[in-house]
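Counting from 1, the numbers follow the sequence of the chain as shown.
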Amino acid sequence: MKFTAEQIAGILEGEVVGNPNAEVSKLSKIEEGDEGSLTFLANPKYINYIYTTKATVTIVNDSFIPEQEISTTLIKVEDAYAAFSKLLHFYNQVKLNKNGIEPQSYMSEGTKYGENLYLGSFSYIGQNVVLGNNVKIYPNSFIGDNVVIGDNVFIFAGAKIYSETVIGNNCTVHSGVIIGADGFGFAPNENGEYSKVPQIGNVIIEDNVDIGANTTIDRATLGSTIIRKGVKLDNQIQIAHNVEIGKNTVIAAQTGVAGSTKIGENCMIGGQVGIAGHLTIGNNVRLQAQSGVARNIKDDEVLQGTPSLGYTDFNKSYVHFKNLPKIVAEVEELKKQIINPKNGNNG
């Protein structure tokens, strides 16, 4: 796809300084720009590159005045970084705006779908599925029976959405995600074996949720596993059965949340955090990377470590921990002085 500087300026409500007909077909960093590319200058540290870049078009702030000759066409806007971000969003929408049902995909009779559906090859749509407008389902995806998906949802290649799952509007489900697999429910019997407990609940994903690649969200034993509005999940996260994650909480990669734990709103959870089951995590909680959580947490707490401590307490304790050999040596020396004082008096 090619766009002229004039077209881009129209999208960004900017002013062209240079050739309005200059064409670009790709995006680049300013230091790596070449012919046919569009870049931006927002950080003053990169200002020298504006005079050497080979990018065809560069977005700059209104306040920018060149001090040397430049070859790139400028688009002046109020905020170059915000404008470039807006353009990235626009570019991504255009790039991903596929339509139609490709050959060798399967859709069960009775499927209901809205406008601008894209269904990639080798994808499967089960019975009684409802798809909203602008749903994009990429190749090799599986949508089970009775699934409901809202408007403007992207389901990337290889995702698996099990039966009864409900997904809201404006959600993104990346490749390899599995939503609605059975929760880890087994009960020991008299023979010391484990019998499976049927998992008959579902998963509910509310609006504006992003789910990273290879993340898994298990269906509830009874009721629902719920991911509230605005939650952002990184890659390779495990969300167990009957977990509830409050709105606008973000969780980094390789975190695991055990069954029936309730996480509040606006929490920030670092990578490789482990959270035990049947806990309540308050609102606005911060869990540092690799923390292990085995107790309920009140609102606004900041924790680190395994088992997790208050963030400040952890840092103070760590100072002592790394000095532990020195402290032990000093204690041993004190013991020797008490038992064998210099004056030779043993007591």
Side-chain angles (χ1 to χ4, degrees), residues 1-20 22-66 70 72-98 116 134-136 138 150-156 168-175 206-213 215 229-235 247-253 266 268 270-271:
M1 296 176 289
K2 289 186 177 182
F3 297 91
T4 66
E6 188 172 38
Q7 289 173 321
I8 296 167
I11 295 169
L12 301 179
E13 301 179 353
E15 175 192 359
V16 178
V17 179
N19 179 9
E23 288 187 333
V24 295
S25 59
K26 56 187 175 180
L27 307 176
S28 68
K29 296 191 290 185
I30 192 168
E31 66 270 30
E32 298 174 358
D34 56 8
E35 187 174 350
S37 69
L38 170 70
T39 189
F40 75 107
L41 173 64
N43 190 331
K45 292 180 179 180
Y46 291 84
I47 196 167
N48 289 336
Y49 290 111
I50 193 72
Y51 304 111
T52 60
T53 187
K54 295 180 181 178
T56 300
V57 177
T58 304
I59 300 169
V60 297
N61 292 329
D62 283 333
S63 58
F64 173 73
I65 300 174
I70 57 175
T72 183
T73 291
L74 302 180
I75 298 177
K76 288 193 168 186
V77 296
E78 183 177 348
D79 185 330
Y81 185 79
F84 194 73
S85 297
K86 179 180 178 180
L87 199 62
L88 286 175
H89 181 71
F90 175 80
Y91 175 80
N92 207 40
Q93 283 187 318
V94 172
K95 183 179 71 172
L96 298 176
N97 189 28
K98 294 188 174 186
N116 301 318
N134 303 310
V135 172
K136 312 299 179 184
Y138 282 74
D151 298 337
N152 308 311
V153 173
F154 288 89
I155 298 175
F156 285 99
N169 301 319
N170 308 311
C171 293
T172 300
V173 178
H174 282 282
S175 293
E206 295 187 344
D207 297 346
N208 304 314
V209 172
D210 282 62
I211 303 173
T215 283
K229 182 178 179 180
V231 167
K232 310 301 180 186
L233 301 179
D234 199 357
N235 303 331
K247 68 179 184 180
N248 299 324
T249 284
V250 294
I251 304 180
N266 302 304
M268 297 179 67

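Evaluated for a side chain to side chain contact (heavy atoms under 4.5 Å, CB included) with Val60, the options Leu74, Ile75, Ile30, Val77 yield exactly one hit, Leu74.
The closest donor-acceptor contact from the side chain of Thr4 to the backbone of Ala22 lies at 3.5 Å or more, if one exists at all. Judged purely by atom type and a 3.5 angstrom limit, Asn208 has no side-chain atom pairing as donor or acceptor with the backbone of Gly230. In this structure, the side chain of Lys136 engages the main chain of Asn116 through a donor-acceptor pair within 3.5 Å. No donor-acceptor pair closer than 3.5 Å links the side chain of Asn235 to the backbone N or O of Ala253.
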**Study point:** Intermediate values then yes/no, side-chain contact (heavy atoms from CB on, under 4.5 Å), Asp34 and Lys26
**Key:** CA-CA 10 Å; Asp34 56 8; Lys26 56 187 175 180; 3.1 Å; yes
Exercise for review: Begin from the C-alpha positions of Ile47 and Leu41 and carry the test side-chain contact (heavy atoms from CB on, under 4.5 Å) through to its verdict.
Suggested key: CA-CA 7 Å; Ile47 196 167; Leu41 173 64; 4.1 Å; yes
For this session: Evaluate the side-chain contact (heavy atoms from CB on, under 4.5 Å) criterion for residues Leu96 and Phe156: first the C-alpha distance (whole Å), next the side-chain angles of each, then the deciding distance (0.1 Å), finally the verdict.
Result: CA-CA 10 Å; Leu96 298 176; Phe156 285 99; 4.0 Å; yes
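Within 6.0 Å of CD in Glu31 there are more than 12 heavy atoms belonging to other residues, nucleotides or ligands. Counted within 6.0 Å of CD on Glu32, heavy atoms from surrounding residues, nucleotides or ligands total more than 12; the atom is thus considered enclosed. The 12-atom threshold is exceeded at NZ of Lys86, counting heavy atoms of other residues, nucleotides or ligands nearer than 6.0 Å.
Residues meeting the ring-ring contact (aromatic ring centres under 6.0 Å, His included) test with Phe84, sequence neighbours left out: Phe40.
Neither side chain, Asn152 nor Asn169, offers a donor N or O lying under 3.5 Å from an acceptor on the other.
Taking the side chain as every heavy atom from C-beta outward, Ile11 and Phe90 approach each other to under 4.5 Å. For the pair Ile59/Leu87, a side-chain contact is recorded, criterion being any heavy-atom separation below 4.5 Å from C-beta on.
Residue pairs that meet the side chain to side chain donor-acceptor pair (under 3.5 Å) test with at least one member in residues 47-64, sequence neighbours left out, are Thr58-Thr72. Screening residues 35-47 for side chain to side chain donor-acceptor pair (under 3.5 Å) gives Ser28-Ser37 as the qualifying pairs, with residues at least two apart or on separate chains.
Using a 4.0 Å cut-off between charged side-chain N and carboxylate O, Lys229 and Asp207 make no salt bridge.
Smallest separation of non-hydrogen atoms from Val24 and Ile8: CG2-CD1, 3.5 Å.
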